[in-house]
Every structure is written in structure tokens, then in C-alpha cells.
Amino acid sequence: MRTYALTVFDQSGEKLLDESFTASTDDEAKTVGHARLEEAGFQEHTHRCVTPEAKLILFHR
């Protein structure tokens, strides 16, 4: 398992969500990240999800 970081920002740059979660693959992490964004109602906010190596796997601006 690998640990991924999911961060959501408002328009002023303030963090609305900053959490980590584990997943086996980058594809699984994308699915988990999307689900967490939907659950929290943040799909349309600026967000990013990165791998442990800081590779960007999800991004919305």
C-alpha cells in the first residue's frame, strides 16, 4: 500500500481539505480521490492528489 495526499483549495488559496489515504495503485488512488471529493462536495473546487513521489494524478482548477 502507498500513501497519497489529497488537497482541496478555495479561490483564495485556503485549504479546505488536506488528508492522506492509502491505495495499492495510482488508478485505485484516483478512484478513492474522486469518491472522497464527491463525498465532501468538493468536485468543482481546485484540488490535487499526489503520489508519495509527488507525481500529480488528479488535478482540477
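Along the sequence shown, the residues carry numbers beginning at 1.
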*Assess the side chains of Asp10 and Ser12: does a donor N or O sit below 3.5 Å from an acceptor N or O?*
yes
*For the residue pair Thr3 and Ser20, what are the closest heavy atoms and their distance?*
CG2-CB, 3.8 Å
_Please give me the minimum heavy-atom distance between Phe21 and Gly33, naming the atom from each residue._
CZ-N, 4.0 Å
*Verdict with supporting geometry, Val8 and Thr46, side chain to side chain contact (heavy atoms under 4.5 Å, CB included)*: CA-CA 6 Å; Val8 178; Thr46 299; over 6 Å; no
*Apply salt bridge (Lys or Arg N to Asp or Glu O under 4.0 Å) to Glu28 and list each qualifying residue two or more places apart in sequence or on a separate chain.*
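Listed in chain order: nothing, the list is empty.
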Which residues share a side chain to side chain contact (heavy atoms under 4.5 Å, CB included) with [X], sequence neighbours left out:
X	value
His34	Leu58
Thr51	Arg2, Tyr4, Asp26, Glu53, Lys55, Ile57
Gln43	Glu38

*Consider only side-chain heavy atoms of I, L, V, M, F, W and Y, link residues closer than 4.5 Å, and tell whether Val32 and Leu37 are in one cluster.*
yes
*Show your reasoning for whether side chain to side chain contact (heavy atoms under 4.5 Å, CB included) applies to Phe9 and Arg48.*
CA-CA 9 Å; Phe9 304 92; Arg48 68 179 177 206; 3.8 Å; yes
*Got a sec, which hydrophobics cluster with Val50, joining ILVMFWY side chains under 4.5 Å apart, including via others?*
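Grouped by the 4.5 Å side-chain rule, Leu56, Phe59 form the rest of the cluster around Val50.
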_Side-chain cluster (under 4.5 Å, hydrophobic types only) that Met1 belongs to, other residues_ = none
*Could you tell me the separation between the CD atom of Gln11 and the CG atom of Leu16, rounded to the nearest 0.5 Å?*
10.5 Å
*Evaluate the side-chain proximity of Arg36 to Glu19: yes if any heavy-atom separation is below 4.5 Å, no if none is.*
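In short, these two side chains touch, coming nearer than 4.5 Å.
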*Can you check whether Thr7 reaches His47 side chain to side chain, under 4.5 Å on heavy atoms?*
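No - every pair of side-chain heavy atoms lies 4.5 Å or more apart.
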